[in-house]
Amino acid sequence: MDIIVCVKHVPETAEVDIKVDDTGKRIEEKGLIFGINEWDEYAVEEAILIKEKLGGTVTVITVGPEEADNTLRICLAKGADNAIRITDPKLKGSDGFVIAKILSSVIKDLPFDLILTGAQASDDGYAIVGPALAELLGIPHVTLVKKIELENGIAKVVRELEGGLGEIVEVKLPAVLTIQTGINNPRYVSLIKVRRVMKKEIKVLSLADIGLSEDEVGESGSWIRIEKMYTPPAEKQAEFIEGSPEEIATKLIEIIKSKGLL
Amino acid sequence: MREILVLAEHRRGELRDITFEMLTKGKELAEKTRSTLTVVILGKDITKFVEKLTKYAEKVLVVEDEKLEHFNSDAYQKVLSYIINERKPLLILIGHTSYGYDLAPSLAVSLKLPLATDCIDVDIEGDNVIVERQMYNGKVNVKATLQKAESYIITIREGNFSIEELNLNGEVIKIHSPLTEDITEKRFVDYVLPPPGGVDISAADIVVAVGRGIGDKNNIILAEELANILGGVLACSRPIVDNGWLPSDRQVGLSGKKVKPKLYIALGISGAFQHVVGMKNSDLIIAINKDPNAPIFKIADYGVVEDLFKIVPILIEKQKELKSGKM
C-alpha cells in the first residue's frame with residue numbers, strides 16, 4: 001500500500017505569548033518554536049503503522065519554506081520513505097484551497113492507494129485541505145477519522161461526531177482520510193535517528209515545476225484574504241488571585257466556602 | 001430576491017442546536033441585505049422537523065429521500081449543488097461540525113465558490129462578505145474577506161451564536177430529490193455509541209478538570225485527590241483522552257460531555273473553544289494555569305497564574321484541615 005501524507009510545519013502556540021506583527025495581518029514569528037502540526041503527527045504515525053503491517057511506501061509532502069525540511073526529516077526518521085516540499089515566494093497569503101490545489105498538482109502524477117492528512121492545522125484551523133484535495137483529485141474522502149481498517153480496496157473507518165458519538169463509514173480506495181488526534185500514540189524519534197536521515201534527498205519543487213500559474217496561488221488564488229489580525233477583546237476577564245501559594249490556596253478555599261460548596 | 005440559505009443539521013431523530021444558531025444569525029443577515037431566510041433540510045421521515053423549522057425561516061426546503069436517511073457528504077453535496085445552482089443564494093451557512101467538515105470544502109471546490117470555515121461572525125457590507133475567525137489556538141482573531149463570487153459558503157462555529165425564538169411561519173417547499181443513482185463511493189454503516197456505564201460527569205456539582213498542563217499521567221492522581229476531597233468528580237480536556245491517560249467518558253467539550261456544575265476547577269487547561277463550549281455555563285469557574293494569556297481566563301470567574309503543582313497540594317491540605325475541623 002502506497003500512502004501519501006500531507007503535513008504542515010507550524011509554530012507551537014499552545015502555551016506561548018502570541019503577538020501580531022507590524023503588518024497587522026500576521027503573527028510575530030520570531031522566538032516561536034516550529035514543528036509538525038499536531039494532527040499531522042497522528043496522520044504520519046497512522047501511515048507508518050499501516051506500512052509496518054501491510055508493506056508499501058510512505059511519502060510525506062509539505063508546502064513551505066526551507067525550515068519545513070525539519071518536519072520532513074523527522075517524518076523520514078520515523079519511517080517515511082520519500083519527502084517532497086513545494087516552495088515559492090509567490091505562495092505568500094495562500095489559504096487552504098490554494099494548498100489543496102498545489103498538493104493535487106503534485107499528487108496526481110504519483111502512485112498512491114491512500115492519502116492521509118491532519119483533520120486541521122493548529123495555526124489557521126481551516127480544516128479545508130483534505131476534503132478539497134480529494135475533490136480536486138476526484139476521489140472520495142472521510143474527515144475526522146479515529147480508526148482505520150483496510151480490506152479489499154475498502155477503508156472501514158470510524159469518524160468522530162459530537163458528544164462522544166462516532167460513525168462507521170466505508171469508503172472505496174483510493175481516498176483521502178483526515179485524521180483526528182488520539183487515533184494512535186505517535187512515536188518519538190531520537191536526534192540520532194534524525195541525523196541519520198540528514199543526507200536523504202528531499203525533493204524540492206517550485207511553482208513552475210508543478211504547472212500552476214501565479215494567479216492560481218497566493219492571495220489571488222485564495223478563497224479568503226486576511227485583512228486584519230488582532231488580539232481578541234476580553235468581554236470578561238477572571239479576577240486574578242495573587243500572593244504566595246499558601247495565600248492563594250487560602251483565598252480559593254474561602255471563595256468556594258462562601259458559595260456554600262464546602 | 002436573494003436568499004440566505006441555512007443547512008439544517010439533524011442526527012438520530014433530533015435537530016441539532018447549530019441549526020437554530022445559524023438561523024438566528026441568518027435572520028439578522030437577511031434583514032440587513034433584504035434577502036429571504038431559507039432553511040433546507042435533507043433526510044428521510046423528517047416531517048416532524050419541518051413544523052419547527054417553519055418558525056425560524058421564511059422558506060423551508062424539504063428534500064426527502066431514502067438515500068438521505070443518514071448523513072453522507074457525497075449525497076448531501078449532490079443535492080445541495082442542485083439547489084444552489086437553481087436558487088443562487090447569496091450565502092450558504094453550514095455548521096462547522098463533523099458534518100460540515102466532511103461537506104463544505106468539497107462542495108465549495110465542486111461549485112467553484114469561495115468558502116470560509118469556522119467563522120464566529122459574518123457581515124456583509126456592500127458586496128463585501130467579511131468574516132471573523134480565530135487562529136493560533138484562539139490567541140488571535142482575524143477579519144477576512146472572501147473572494148468575490150455569485151454565492152459564498154460559510155461554516156459557523158458551534159455554540160457561538162445564541163438562539164432567539166422566532167415565529168416566521170415559513171412556507172414549506174418540497175423539492176424532488178435529484179439523487180437518481182445510489183451513492184457507492186462512501187457508505188454509512190452504523191453509529192458508534194459511547195460505552196455504557198462509566199462515570200456521569202454531567203451529574204456532579206463539583207468538577208475538577210485537568211488539561212495538558214498536568215504534564216504526566218502520574219500527576220493525575222493529584223487532581224483526583226482534590227476532586228475526592230471536595231466531593232466532586234475528575235474530568236479532563238481532549239489531550240488527556242488522546243494520550244490515553246483518562247477514558248473518554250471523562251472528557252468535557254464538543255466531542256465529549258457538556259457539564260454545568262456549581263463549581264468547575266480547570267487545572268492546566270488552556271481553554272480552547274471546543275473545551276469551553278462544554279463548561280462555560282458552570283456557576284463558578286476557577287482556573288489555574290501558568291500561561292497568563294490562556295483563553296480559559298476569559299471565561300473563568302477567578303484565575304490563578306501559577307504552577308498548579310504549587311497550589312493544588314496546599315488546597316488539598318487546607319481542605320483536609322477544614323474537614324477535620326481544624327480551621
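Every heavy atom of this structure was used, including side-chain atoms; hydrogens, water molecules and symmetry mates were not.
Judged purely by atom type and a 3.5 angstrom limit, R11(B) has no side-chain atom pairing as donor or acceptor with the backbone of L161(A). For the pair S106(B) (side chain) and P131(A) (backbone), a donor-acceptor distance under 3.5 Å is absent.
For NZ of K112(B), the number of neighbouring non-hydrogen atoms (other residues, nucleotides, ligands) closer than 6.0 Å is 12 at most. Residue I33(A) qualifies as open at atom CD1: its count of foreign heavy atoms under 6.0 Å is 12 or below.
Atoms NZ and CG, from K139(B) and D123(A) in turn, are 14.0 Å apart once rounded to the nearest 0.5 Å. Atoms CD1 and CD1, on I241(A) and I286(B) in that order, are 6.5 Å from each other to the nearest 0.5 Å. Atoms CD and OG1, from E219(A) and T145(B) in turn, are 8.0 Å apart once rounded to the nearest 0.5 Å. Atoms CD and OH, on E160(A) and Y101(B) in that order, are 9.5 Å from each other to the nearest 0.5 Å. To the nearest 0.5 Å, atom CD1 of residue I224(A) and atom CG of residue L115(B) are 8.5 Å apart. Atom OH of residue Y136(B) and atom CG of residue D124(A) lie 7.5 Å apart, to the nearest 0.5 angstrom.
Counting heavy-atom pairs under 4.5 Å between each of D74(B), V312(B), T184(B) and chain A puts T184(B) at the top. Of the listed residues (I285(B), I311(B), N141(B)), the greatest number of heavy-atom pairs within a distance under 4.5 Å of chain A belongs to N141(B). For the set T181(A), V169(A), T231(A), the entry with the most heavy-atom pairs within less than 4.5 Å of chain B is T181(A). With respect to chain A, the highest number of heavy-atom pairs below 4.5 Å among D118(B), L230(B), T97(B), L193(B) belongs to T97(B). The residue among S222(A), P186(A), G130(A), A249(A) with the most heavy atom pairs within less than 4.5 Å of chain B is A249(A). Interface remark: of the candidates K251(A), Q120(A), K19(A), Q120(A) forms the most heavy-atom pairs closer than 4.5 Å to chain B. The greatest number of non-hydrogen atom pairs below 4.5 Å with chain B, out of P232(A), G243(A), A132(A), is found for P232(A).
For E38(A) and R238(B), the salt-bridge test fails: no basic side-chain N is under 4.0 Å from an acidic carboxylate O. Salt bridge present: D102(B) and R159(A) bring a charged side-chain N and a carboxylate O closer than 4.0 Å. Residues E227(A) and K143(B) are not paired through a salt bridge, judged by the lack of any N-O separation under 4.0 Å between the basic side chain and the carboxylate. Ion pairing between D301(B) and K236(A) holds under the 4.0 Å rule for side-chain N and carboxylate O.
At a threshold of 4.5 Å between non-hydrogen side-chain atoms, the residues K186(B) and H141(A) count as touching. Using a 4.5 Å cut-off on side-chain heavy atoms (C-beta onward), L261(A) and D205(B) make no contact. Residues K147(A) and V192(B) form no side-chain contact, since every pair of their non-hydrogen atoms from C-beta on lies 4.5 Å or further apart.
Residue contact with chain B, scored on non-hydrogen atoms closer than 4.5 Å, involves the side chain of I27(A) exclusively. Proximity to chain B (any heavy atom under 4.5 Å) is shown, for A134(A), by neither the backbone nor the side chain. Of the two parts of K101(A), neither the backbone nor the side chain holds a non-hydrogen atom closer than 4.5 Å to a non-hydrogen atom of chain B. Using a 4.5 Å cut-off between heavy atoms, L144(A) touches chain B through its side chain atoms alone. Only the side chain of V20(A) comes within contact range of chain B, judged by heavy atoms closer than 4.5 Å. Neither the backbone nor the side chain of T178(A) has a heavy atom closer than 4.5 Å to any heavy atom of chain B. Looking at N185(A), the atoms closer than 4.5 Å to chain B (heavy atoms on both sides) all sit in the side chain, from C-beta outward. In this structure, chain B has heavy atoms under 4.5 Å from both the backbone and the side chain of V142(A). For I248(A), the part lying under 4.5 angstrom from a heavy atom of chain B is the side chain only. Interface remark: S220(A) contributes backbone atoms only to the contact with chain B (heavy atom separation under 4.5 Å). In this structure, no portion of E242(A) lies under 4.5 Å from any heavy atom of chain B. With a threshold of 4.5 angstrom between heavy atoms, P11(A) approaches chain B through side-chain atoms but not through N, CA, C or O.
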Q. Would E135(A) and Q77(B) count as a side chain to side chain contact (heavy atoms under 4.5 Å, CB included) if you check the C-alpha gap in whole Å, the side-chain angles of each, and the deciding distance to 0.1 Å?
A. CA-CA 11 Å; E135(A) 186 70 25; Q77(B) 184 172 324; 3.2 Å; yes
- [ ] Applying side chain to side chain donor-acceptor pair (under 3.5 Å), run through E162(A) and S98(B) and close with a yes or a no.
- [x] CA-CA 7 Å; E162(A) 291 78 9; S98(B) 56; 3.0 Å; yes
Checklist line | Pair F97(A)-Q147(B), side chain to side chain contact (heavy atoms under 4.5 Å, CB included): steps then yes or no | finding: CA-CA 12 Å; F97(A) 175 48; Q147(B) 190 187 77; over 6 Å; no
*asked:* Evaluate I226(A) against M135(B) for side chain to side chain contact (heavy atoms under 4.5 Å, CB included), listing each step before the verdict.
replied: CA-CA 11 Å; I226(A) 293 170; M135(B) 287 172 75; 3.9 Å; yes
**Study point:** Steps toward side chain to side chain contact (heavy atoms under 4.5 Å, CB included) verdict (K318(B), E246(A))
**Key:** CA-CA 9 Å; K318(B) 293 220 175 280; E246(A) 179 76 27; 2.5 Å; yes
